**Q** 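I have a structure here, written as structure tokens, and I will follow up with some questions on it.
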Amino acid sequence: MYFSNLFAPTLREVPAEAEIVSHQLLLRAGFIRKSSSGVYTYLPLAWRVLQKISDIVREEMNKAGGQEILMPIIQPAEIWLESGRWHVYGDELFRLKDRHGRDFCLSPTHEELVTDLVRSNVSSYRQLPLYLYQIQNKYRDERRPRFGLMRGREFIMKDLYSFDRDEEGLNLSYKKMYDAYGAIFKRCGLDFRPVEADSGAIGGSVTHEFMVIAESGEAQIVYCPDCDYAANVEIADCLPSNPDNKREDTIKAKEKVATPNQTTIDEVTNYLNVSADKLIKTLFYQADEEIIVALVRGDRMINEIKLQKMHPSLTLEMASAEKIKEITGSVPGFVGPVGLKKIKIYADEEIKSMVNAVCGANEEGFHLINVQPNRDFEVFAYGDIRMIEEGEACPRCQAKLKMARGIEVGQVFKLGTKYSEALGAKFSDEQGKEQLMVMGCYGIGISRTMAAAVEQNYDADGIIWPISIAPYHVVIVPVSAKDDFLWEKSLEIYKELQEKGIEVVLDDRDERAGVKFKDADLIGYPIRLTVGKKLKEEGKIELKLRWDKEAKFIDLQDIAKVVMDIIASGMN
Ligand code: 9G3
């Protein structure tokens, strides 16, 4: 490819809306262009990367027994009504009507569609297990699309669905996919970790997310430096710590004290000269139509995913100040569990062992001290509802857990019979008895994986593509476009490399070498060959790897071999 033909409009500056590196660099290096909020065109360089990621995914899915299909993007409302999800998802589901006024949606995922396909075409145990997958655009009307391809409204996903005879079969399928995901992300040159995760609204029991470790990641994970335990903080189990105040002996009578204008944890702990782990943090939530209260120790954070598991509800939001005033007669900052009537109080395990605690008095300007759980207020249920923190003990090996941020690039779910039951996907088993198929689903964000690769591989000059997914392997830079000798030689090398199947760009522009080097570094080709005066003097070509500081000089006749070896080693 001659660079002067390549449609890769590079930018000097990027729009302020591009907050993270991958968004900035993919725009600047001419990989993507925005069409509308959260919707992008993949320009030639990006499309080459996406096809390489897709080919790696395809190879591993086929190896695992997957059969590739292509399902519709437009789905009829009927199957979403059957699964009961048509009314579960709100504005995030792109809905449309056809000319006859019939309801459809643009696919955010394909559980319903693939189950409808299979229920109509599979009826015997002999046809199971069956793995069907596709690589296709998905649509989710995110309230706030951001971070470029990381959270778009249209994105490319590989989604595979497994159909098994029983739980045991599903466990086998899940393991196959889990292992295939490990191979895929390794081949893409990513530093990733599978983490235990929350199965969320789609239900199903077990699920793992594959996280690419990156500071810009929206997900927070804990991982153990000593064993392979890792979990999304949303579901990471916490062990109650026994605060030192347990040693306090006398339980005192509760007392109301004036704490004028002291509303935050810090203000109250300073004013009353107590540590935060003596406080009870009282949080009011609107769970669908019901108001519930959650209690965690003053030095902890609430974990709403865990709270929702204790008190399942469609929506869970912080209650409004008006609601709180209506219930407690007070304002946030002075609220507490004592004296609340007919409200379910969910308390974190650590509340149980608190002695002489401090909490709001449900009266503006006052707090209560020496409060005793169970004596002074009734807890509806105790449970682990707090956010895990760095340094807590690994639930497997007790080592100190570490925190990291991650970009979720893949998810594997055990769905069980959630969809086969809802849509009646059955098969006759060896005894001729009718059984529900047992399903799993497995997604990879193809476009998000490209962005994640950039988040993990860049420097001040631009992108540093892993060889396995680079848009091209080599860029050839003649230092002068006017020198016929250099141009002839560059052309020779270009042709020789192409004959060997190497993907090469020849920067044929009539530009200074410095400009060509800058663009080469920005776009991020793994290998740069500079054809300059060393060739005339010593018959050598300068070879520079994008991730190395130093260049080296190679004899002209060895270039193709050296380049092929570098590419072969990078395709681990
Ligand atoms: C919707 C909308 C958004 C959604 C879903 C449904 C996420 C939805 C979960 C999944 C689970 C797996 C197969 C591939 C891997 C992930 N966001 N999910 O079901 F209607 Cl608007 O998609 N699906």
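Keep in mind it's a predicted model, so treat the numbers as computed, not measured. In listed order, ligands and their atoms are each counted from 1. Counting begins at 1 with the first residue of the sequence.
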**Q** Could you tell me whether R193 and E209 make a salt bridge, using a distance below 4.0 angstrom between a side-chain N and a carboxylate O?
**A** no
**Q** Parallel, tilted or perpendicular: which one describes the rings of F380 and Y346, with boundaries at 30° and 60°?
**A** perpendicular
**Q** Quick one: salt bridge (Lys or Arg N to Asp or Glu O under 4.0 Å) pairs with a partner in residues 398-408, sequence neighbours left out?
**A** none
**Q** Mark up the atoms of ligand 1 that fall under 4.0 Å of a heavy atom belonging to L93, in ascending order.
**A** 20 (F), 21 (Cl)
**Q** Check for me whether the distance between the ring centres of Y125 and F427 falls short of 6.0 Å.
**A** no
**Q** Which bit of W86 is near ligand 1, meaning a heavy atom under 4.0 Å away: side chain, backbone, both or neither?
**A** neither
**Q** Is the contact between T109 and ligand 1 made by the side chain, the backbone, both, or neither, using heavy atoms and a 4.0 Å cut-off?
**A** side chain
**Q** Could you tell me whether E17 and R146 have a side-chain N and a carboxylate O separated by less than 4.0 Å?
**A** no
**Q** Under 4.0 Å from any heavy atom of G443, which atoms of ligand 1 are there?
**A** 14 (C), 15 (C)
**Q** Quick test of your reading of the structure: of Q411, E111, H110, whose heavy atom lies closest to atom 12 (C) of ligand 1?
**A** E111
**Q** Within 45° of the axis and under 6.0 Å from the centre of the six-membered ring of Y174, does NZ or CZ of K414 qualify?
**A** yes
**Q** Give the atoms of ligand 1, by number and element, whose distance to some non-hydrogen atom of D159 is under 4.0 Å.
**A** 14 (C)
**Q** Is there side-chain contact between R151 and R448, with heavy atoms separated by less than 4.5 Å?
**A** yes
**Q** Which of the numbered atoms in ligand 1 are below 4.0 angstrom from a heavy atom of M157?
**A** 14 (C)
**Q** Of all the atoms in ligand 1, which lie at a distance below 4.0 Å from a heavy atom belonging to W80?
**A** 20 (F)
**Q** Have a look at E92, R140, R85, R95 and point out the one with the heavy atom closest to atom 10 (C) of ligand 1.
**A** R140
